[in-house]
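If you're wondering where the values come from, they're calculated on a predicted model, not measured in any experiment. Lettering of chains follows the sequences in order, A, B, ..., and the numbering in each one begins at 1. Atoms considered below: every heavy atom in the structure, side chains included; atoms not considered: hydrogens, waters and symmetry mates.
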Amino acid sequence: MDMKWFDDMEARIPKGKVRTRFAPSPTGYMHIGNLRTALYTWLIARHQDGTFILRIEDTDQERLVEGATEVIYKTLRECGLTWDEGPDIGGPVAPYIQTERRDTYGRYAELLVERGHAYYCFCEKTESEEESGSFDRSADPCRSLSLEEAKARVAAGVPHVIRQKIPAGGTTTFSDAVFGDITVDNDTLDDQVLIKSDGLPTYNFANVIDDHLMGITHVVRGSEYLSSAPKYNLLYQAFGWEVPTYIHCSPVMRDAHNKMSKRHGDPSYQDLIAQGFLSQAVVNYVTLLGWSPRGEYSEREFFSLEELAQVFDIGGISKSPAIFDIEKLRYFNAKYLRELSPEDFYALAEPYLREAVKTPGIDLKLIAPLVQPRCDTLLDIAPQVDFFDALPEYSNELYCHKKMKTNEENSLEALKQVLPVLEGLSDWTYDAIHDALIGLAEKLELKNGRIMWPVRTALSGKAVTPGGAVELCHILGRDEALSRIRKGIAQLGG
RNA sequence: GGCCCGGUGGUCAAGCGGCUAAGACACCGCCCUUUCACGGCGGUAACACGGGUUCGAUUCCCGUCCGGGUCACCA
């Protein structure tokens with residue numbers, strides 16, 4: 001064995017700082033649980049001024065998806081999760097794509113074989129599993145094959161895998177930052193495959209090798225990997241390597257029984273963005289799904305990414321699964337939307353407004369502030385502003401409003417009073433319209449609603465609108481507003 | 001089924017031996033108001049169950065029940 005090569009690999013490992021990694025498989029789809037893992041991983045690194053690494057785990061050749069890494073880059077960038085080392089920018093422990101590290105895994109696996117912690121196995125793919133749950137180590141003839149014999153068969157080109165040789169008897173204790181210490185009997189652990197017959201490593205093996213070789217100090221991953229974790233310890237021990245801090249996170253659920261999944265039609269990050277959610281809102285909400293700030297921040301729930309990096313602590317991660325609640329996400333999103341400056345909101349809303357309101361004279365900048373406090377997502381804009389282009393058909397019953405004390409008769413009367421007042425207006429400004437309408441109500445000694453409700457109804461044909469009578473008059477413009485009021489009068493039989 | 005893990009309102013959750021058991025979403029009511037929102041105020045609602053340990057358990061231990069994960073040459 002060329003030990004110099006191993007020494008060189010070791011020598012490249014950066015030391016002394018926190019180093020974390022997000023290691024997705026390129027599936028072309030960033031689901032919420034994955035995003036949360038990325039978030040926690042990034043947060044741990046940034047909290048300690050450490051290094052965040054992106055690594056692509058593409059060892060499953062059958063599941064490769066074209067353009068999938070682009071989705072990962074794009075999502076991470078949109079969310080503000082900047083990486084310091086990765087496939088696209090390189091780094092001290094490159095390469096960052098597992099298929100490009102192929103020989104490395106093979107060499108380490110062979111080292112393990114030499115040391116007696118792994119063995120070549122020539123058996124067919126696993127056919128039938130034992131029911132007992134505990135393994136009879138002597139059952140596999142390959143396990144006890146002599147090294148010479150095994151090597152001879154390998155040299156002869158016999159297809160094979162390399163398996164981990166789990167010690168017979170005894171226990172292994174694994175330590176997790178959120179679940180604590182977990183001890184299992186070695187006899188419940190199987191001699192898992194390390195190197196597949198295609199020469200590529202399994203996920204479990206590649207993880208251990210890469211995390212060590214990349215100097216990873218904290219590993220964040222889903223709790224579905226918890227039960228394979230003790231086998232990692234054995235691997236680290238066999239190599240004589242230091243075990244990183246493991247942080248297993250319970251899944252993000254769609255309901256009490258099922259994880260969020262593409263199969264069930266649950267939204268991915270991309271889907272949420274398409275549904276009009278803001279990246280920052282998603283990031284904020286998802287971080288809080290399974291983690292909560294402690295101490296002085298325990299009552300707070302709105303945080304920017306930078307603030308999260310400040311307060312994030314591993315101890316706040318929850319052990320139990322969390323159900324994804326789109327209603328609460330909507331609340332977060334609505335809050336983020338409302339707190340945007342009018343300019344920023346307009347920038348985001350403009351494409352949606354432009355799509356919904358096509359009448360040339362209408363100033364979309366006037367509509368934006370009306371819808372800003374009235375939408376949870378950007379998709380809520382269009383249905384609210386449809387009446388600007390064309391007055392919908394509406395029933396006269398719309399004129400009847402108990403609280404406003406309006407009915408068809410007094411609405412007709414109100415509109416008839418309003419028409420000449422507005423016709424006589426020299427300035428078609430918000431203030432002028434406002435003063436005219438309020439003035440009319442005062443003059444007639446009526447409550448404002450008696451005038452405003454009929455006008456708003458005539459202008460929109462809807463029971464609910466963003467903005468009231470004055471705003472709508474202003475935005476529609478003199479001609480259209482007066483025309484709609486006349487239409488209202490006619491429809492009411494006047 | 002074996003092994004591992006979890007269990008505070010409908011949901012997210014604080015709590016880490018002593019509290020009238022926080023807060024948020026949702027829901028309900030009131031206020032504000034030219035509709036609806038926004039905003040403000042208030043309300044309904046929880047420690048899965050049974051044993052211990054203790055002067056005292058939501059908190060520690062055991063069991064039961066319920067739920068999740070895992071038992072692949074997928075990750």
Side-chain angles (χ1 to χ4, degrees), chain A residues 23-25 27 57-60 62-63 121 123-126 129-135 159-163 174 176 179-180 182-185 187-190 192-198 200-204 206-207 221-230 248 250-251 253 255-259 285 288-295 298-302 316 318-325 327-332 334 338 370-375 384 398 401 403-404 434 437-438 441 447-457 460 462-471:
Chain A
S25 292
T27 61
E57 307 216 335
D58 58 347
T59 57
D60 184 359
E62 290 172 18
R63 291 212 308 206
C121 177
C123 301
E124 293 287 300
K125 287 194 180 189
T126 342
E129 290 303 317
E130 290 101 313
E131 298 292 317
S132 66
S134 108
F135 296 83
H160 63 278
V161 299
I162 296 178
R163 287 183 183 274
F174 166 79
D176 182 82
F179 288 96
I182 296 166
T183 300
V184 297
D185 288 335
D187 291 340
T188 65
L189 270 20
D190 64 328
Q192 66 175 339
V193 171
L194 267 19
I195 301 291
K196 299 182 272 190
S197 54
D198 64 2
L200 284 169
T202 55
Y203 166 82
N204 288 325
N207 248 268
R221 32 141 54 172
S223 63
E224 66 267 31
Y225 301 120
L226 204 48
S227 53
S228 57
H248 284 92
S250 285
M253 312 288 285
D255 56 45
H257 305 288
N258 306 288
K259 275 210 267 191
Y285 173 68
L288 258 21
L289 255 192
W291 173 81
S292 68
R294 313 206 286 176
S298 70
E299 288 195 20
R300 184 171 159 188
E301 52 183 7
F302 286 92
S318 160
K319 293 185 204 179
S320 34
I323 299 175
F324 179 84
D325 181 5
E327 283 306 318
K328 184 130 190 186
L329 206 215
R330 291 183 77 86
Y331 163 77
F332 268 78
R338 269 181 261 122
L370 262 31
V371 294
Q372 186 170 6
R374 279 172 251 256
C375 51
Q384 295 185 60
L398 261 190
H401 190 282
K403 192 146 172 264
M404 294 299 114
H434 176 269
L437 258 22
I438 295 290
K447 291 202 60 166
N448 291 340
R450 281 284 304 278
I451 299 295
M452 301 299 194
W453 179 269
V455 170
R456 199 184 55 78
T457 301
S460 66
K462 297 181 79 172
V464 172
T465 56
V470 180
E471 286 92 343

### Task
May I ask you to say what A:V193 touches in the nucleic acid, namely base, sugar-phosphate or nothing, with a heavy-atom cut-off under 4.0 Å?
sugar-phosphate

### Task
Remember a base hit wins even if backbone is also touched, and classify A:K259 as base, sugar-phosphate or nothing at under 4.0 Å, heavy atoms.
nothing

### Task
Using the P atoms only, state how far B:rG50 lies from B:rC41, rounded to an integer number of Å.
39 Å

### Task
Can you check whether any acceptor in the base of B:rU33 is under 3.5 Å from a donor in the side chain of A:K447, or vice versa?
no

### Task
Begin with the C-alpha distance, continue with both residues' side-chain angles, and end with the deciding distance and a verdict on side chain to side chain contact (heavy atoms under 4.5 Å, CB included) for A:R163 and A:Q192.
CA-CA 5 Å; A:R163 287 183 183 274; A:Q192 66 175 339; 5.9 Å; no

### Query
What do you reckon, are the aromatic ring centroids of A:Y285 and A:Y331 less than 6.0 Å apart?
no

### Query
Ignoring hydrogens and angles, does a donor from either the side chain of A:K328 or the base of B:rA26 sit under 3.5 Å from an acceptor on the other?
no

### Task
Would you classify A:G290 as touching base, sugar-phosphate or nothing, given that sugar-phosphate means primed atoms plus P, OP1 and OP2, and contacts are heavy atoms under 4.0 Å?
sugar-phosphate

### Nearest-nucleotide pick for A:R456, side chain only, options being B:rU35, B:rC73, B:rC25
B:rU35

### Query
Does A:S25 place a side-chain N or O at less than 4.0 Å from the phosphate oxygens OP1/OP2 of B:rC74?
no

#### Entry: Integer angstrom distance from the C1' of B:rA14 to that of B:rA21
10 Å

### Query
Can you find a donor-acceptor N/O pair under 3.5 angstrom joining the side chain of A:S197 to the base of B:rC73?
yes

### Task
Identify the two heavy atoms, one from A:R374 and one from A:T465, that lie closest to each other, and give their separation to 0.1 Å.
NH1-O, 4.1 Å

### Message
Does A:S320 reach a base, just sugar-phosphate, or nothing at all? Heavy atoms under 4.0 Å.
### Response
sugar-phosphate

### Query
Between B:rU35 and B:rG68, how far is it from one P atom to the other, in whole Å?
48 Å

### Query
Out of B:rC36, B:rU70, B:rA13, which has the shortest distance to the side chain of A:E224?
B:rU70

### Query
For atom P, what is the distance between B:rG10 and B:rG6, given to the nearest Å?
23 Å

### Gap in Å between the two P atoms, one belonging to B:rU44 and one to B:rA24, rounded
14 Å

## Note on the structure
Looking only at heavy atoms, the pair that brings A:C375 and A:Q384 closest together is CB-NE2, 4.0 Å

### Task
Under 4.0 Å between any heavy atoms, over every strand shown, what does A:R338 touch: base, sugar-phosphate, or nothing? Just pick one.
sugar-phosphate

### Task
Name the nucleic acid region contacted by A:A469, choosing base, sugar-phosphate or nothing; use a 4.0 angstrom heavy-atom cut-off, strictly under.
base

### Task
Ignoring backbone atoms, establish whether A:R163 has a side-chain N or O less than 4.0 Å from OP1 or OP2 of B:rC73.
yes

### Query
Considering only side-chain heavy atoms of A:A322, which listed nucleotide, B:rA24, B:rA13, B:rG68, is closest?
B:rA13

### Message
I want to check one thing: is the phosphate of B:rG2, taken as OP1 and OP2, less than 4.0 Å away from some side-chain N or O of A:T188?
### Response
no

### Message
Please find the pair of heavy atoms, one from A:L288 and one from A:P293, that lie closest to each other, and give the distance.
### Response
CD1-CD, 4.2 Å

### Query
So, is A:K319 close to the B:rC5 phosphate, meaning a side-chain N or O under 4.0 Å from OP1 or OP2?
no

## Note on the structure
Heavy-atom closest pair (A:A463 atom, A:R456 atom, distance to 0.1 Å) is O-NH2, 3.0 Å

### Query
For B:rC74, does OP1 or OP2 lie under 4.0 Å from any side-chain N or O of A:K196?
yes

#### Entry: B:rC73 pairs with, by Watson-Crick or G-U criteria that keep both distances under 3.5 Å
none

### Query
Base, sugar-phosphate, or nothing: which does A:F332 touch, judged by heavy atoms less than 4.0 Å apart?
nothing

### Message
With a 4.5 Å cut-off on side-chain heavy atoms, are A:M253 and A:D255 touching?
### Response
no

### Query
How far, in whole Å, is B:rG9 from B:rG23 if one measures between their C1' atoms?
13 Å

### Query
Expressed as a whole number of Å, how far does the C1' atom of B:rU58 sit from that of B:rC47?
5 Å

### Query
Quick one: which of B:rG15, B:rG68, B:rU35 gets closest to the side chain of A:R294?
B:rG15

### Query
Using a cut-off of 4.0 Å on non-hydrogen atoms, how would the nucleic acid contact of A:H248 be classed: base, sugar-phosphate, or nothing?
nothing

### Query
Any idea which of B:rG6, B:rA13, B:rG68 is nearest the A:M253 side chain?
B:rG68

### Task
Please tell me which of the listed nucleotides, B:rC12, B:rU70, B:rU35, lies nearest to the side chain of A:S227?
B:rU70

### Message
Does a side-chain N or O of A:H401 approach OP1 or OP2 of B:rU35 to a distance below 4.0 Å, or not?
### Response
no

### Mate of B:rU20 where both pairing distances stay under 3.5 Å, Watson-Crick or G-U
none

### Message
Using a heavy-atom cut-off of 4.0 Å across all strands, would you classify A:V470 as base, sugar-phosphate, or nothing?
### Response
base

### Task
Under a 3.5 Å limit for both distances, which nucleotide forms a Watson-Crick or G-U wobble pair with B:rA14, could you say?
none

### Query
B:rA75 phosphate, OP1 or OP2: any side-chain N/O from A:Y203 under 4.0 angstrom?
no

### Query
For the base of B:rA75, is there a side-chain donor-acceptor partner from A:Y225 under 3.5 Å away?
yes

### Task
Please tell me if the side chains of A:I195 and A:V161 come closer than 4.5 Å, counting only heavy atoms from C-beta onward.
no

### Task
Can you figure out which of B:rC36, B:rC4, B:rA14 approaches the side chain of A:I182 most closely?
B:rC4

### Message
Need the pair for B:rG42. Rule: Watson-Crick or G-U wobble, both distances under 3.5 Å, any strand; none if unpaired.
### Response
B:rC28

#### Entry: P-based separation of B:rC38 from B:rC25 [nearest Å]
11 Å

